Amino acid sequence: MSVSLIAKKVGMTQFIKETGEIFACTALQIEECVVVQVKSKESDGYEAIQIGSIAKKKQSKPLAGHYAKRNIEPKVKLFESRVESSSEYKEGDVLNADFFKDGDKVDVTGRSKGKGYQGVMKRFNFKGGPAAHGSGFHRHGGSTGMRSTPGRCLKQTKQPGHMGDQKITVEGLEVLSVDLDNKVVLVKGSVPGSKTGLVTIRKSVKKHVEQ
């Protein structure tokens, strides 16, 4: 298990390696991630740490009390991250961008952009019908059912519907550079979510072979 940190998606840019290769990359800014609570098998039945990030003044009374009990400033984002051994951490510990280094493989989880209700051509890349004027079948999905047997649309059939706004994890992205002064981690490729959106980043839990 690997600790997940909260990061803000700043945007995309280019990164040029010493060899002259140019890569599209995403800049992720990691604010100070504070360990708010430590959970152990003895007290909670599992090993985990609770992490908060990005300061926030107003909070609900229960959450305000949760932070006040530990003398920690309230945060916008609060979530749990499973760890192998929670004894390595203590309340008030701060995790920054220096948690990662150049060449690391990371997994980034975010919420994809919501596209609303979309047809099958945009949602599932259907080819569509003829584009000729005489055709009455341009962007439809075609037949999805039968006549008498079984007389219904089968489950899992690709249909128009809500697109996006889903939790997505992109695995095995390479860390190209870590800027400690600006608390920014540059990862190769794109990550889900919109600009300024919050994502979680962690060291890859799977081994990835360089293609």
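Bear in mind that the values here come from a model prediction, so they are computed numbers and not experimental data.
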Mind running side chain to side chain contact (heavy atoms under 4.5 Å, CB included) on T196 and K9 for me, showing each step along the way?
CA-CA 5 Å; T196 72; K9 182 178 176 181; over 6 Å; no
Is it possible for you to say whether L28 and V175 belong to one hydrophobic cluster, with membership spreading through side-chain heavy-atom contacts below 4.5 Å?
yes
In the structure I gave you, are the side-chain heavy atoms of T13 and C25 within less than 4.5 Å of one another anywhere?
yes
For the residue pair E80 / Y46, report whether a side-chain donor-acceptor contact shorter than 3.5 Å exists.
yes
Among the clusters formed by ILVMFWY side chains lying less than 4.5 Å apart, do V184 and F15 turn up in the same one?
yes
Just so I know, are the side chains of V36 and Q50 near enough to count as touching, which here means a heavy-atom distance under 4.5 Å?
yes
Which heavy-atom pair separates G128 from M121 by the least distance, and what is that distance?
CA-SD, 3.9 Å
Where S190 and L173 come nearest, the two heavy atoms and their spacing
O-CD1, 4.0 Å
Should L78 and Y67 count as side-chain neighbours, where that means a heavy-atom distance under 4.5 Å?
yes
Side-chain contact test, heavy atoms from C-beta onward, threshold under 4.5 Å: evaluate it for L5 versus F100 and give yes or no.
yes
The test is side chain to side chain contact (heavy atoms under 4.5 Å, CB included); show your working for I51 and V34 and say whether it passes.
CA-CA 6 Å; I51 297 174; V34 181; over 6 Å; no
Does D93 use its side chain to pair, donor to acceptor, with the backbone of K90 at less than 3.5 Å?
yes
Can you find a heavy atom in the side chain of I30 that is under 4.5 Å from one in the side chain of N96?
no
Is a side-chain donor or acceptor of Q118 paired with a backbone partner of K115 at a separation under 3.5 angstrom?
yes
What's the separation between atom CG in D104 and atom CD1 in I201, rounded to the nearest 0.5 Å?
9.0 Å
Checking K158 side chain against V120 main chain: does a donor-acceptor pair fall under 3.5 Å?
no
Sidechain N-carboxylate O distance under 4.0 Å for K17, E174
yes
Check the side chains of T19 and E21 for a donor-acceptor pair under 3.5 angstrom, ignoring hydrogens and angles.
yes
Is the backbone of T169 close enough, under 3.5 Å, to the side chain of D107 for a donor and an acceptor to pair up by distance?
no
Interatomic distance, NZ@K206 vs NZ@K105, rounded to 0.5 Å, equals 14.0 Å
Given 3.5 Å as the limit, does a donor-acceptor pair link the side chain of T26 with the main chain of G189, or not?
yes
Check the hydrophobic clustering (I, L, V, M, F, W, Y; side-chain heavy atoms under 4.5 Å; chains of links allowed) and say if L180 and I6 are grouped together.
yes
Look up atom OH in Y89 and atom CD in Q37, then write down how far apart they are to the nearest 0.5 Å.
15.5 Å
Using atom types as modelled and distance alone, determine if a side-chain donor or acceptor of K188 lies under 3.5 Å from a backbone N or O of A24.
no
Could you check whether any side-chain N or O of H138 sits under 3.5 Å from a backbone N or O of P130, counting only pairs where one atom can act as donor and the other as acceptor?
yes
Tell me, yes or no, whether the heavy-atom count around K75 atom NZ, taken from other residues, nucleotides or ligands under 6.0 Å, exceeds 12.
yes
Should E47 and K39 count as an ion pair when the cut-off is N to O under 4.0 Å?
no
Group every Ile, Leu, Val, Met, Phe, Trp and Tyr by side-chain heavy-atom contacts under 4.5 Å, then state whether V106 and F79 land in the same group.
yes
Does any non-hydrogen side-chain atom of L154 lie less than 4.5 Å from one of M146?
yes
Could you tell me which residues satisfy salt bridge (Lys or Arg N to Asp or Glu O under 4.0 Å) with R70, sequence neighbours excluded, listed by chain and number?
E91
Indicate the atoms forming the closest heavy-atom contact of P160 with G119, along with that distance.
CB-CA, 4.0 Å
Can you find a pair of side-chain heavy atoms, one from V170 and one from P192, that are under 4.5 Å apart?
yes
Backbone of K203 reached by a side-chain donor or acceptor of S2 within 3.5 Å:
yes
Could you walk me through whether V178 and D102 pass the side chain to side chain contact (heavy atoms under 4.5 Å, CB included) test, one step at a time?
CA-CA 6 Å; V178 179; D102 295 1; 3.8 Å; yes
What's the separation between atom CZ in F99 and atom OG in S4, rounded to the nearest 0.5 Å?
9.0 Å
Can you see which heavy atom on G92 is nearest to which on I72, and at what distance?
N-CD1, 4.2 Å
Hydrophobic cluster membership, V187 vs V199, 4.5 Å side-chain cutoff
yes
With a 3.5 Å distance limit and no angle check, can you tell me whether S112 reaches the backbone of D165 through a side-chain donor-acceptor pair?
yes
What's the spacing between L176 CG and Q14 CD if we round to 0.5 Å?
12.0 Å
Hey, what do you get for CD (E32) to CD (E73), rounding to the nearest 0.5 Å?
10.0 Å
Could you tell me whether the side chain of S135 and the main chain of A132 form a donor-acceptor pair under 3.5 Å?
no
Student check: side-chain heavy atoms of V3 and L95 closer than 4.5 Å
yes
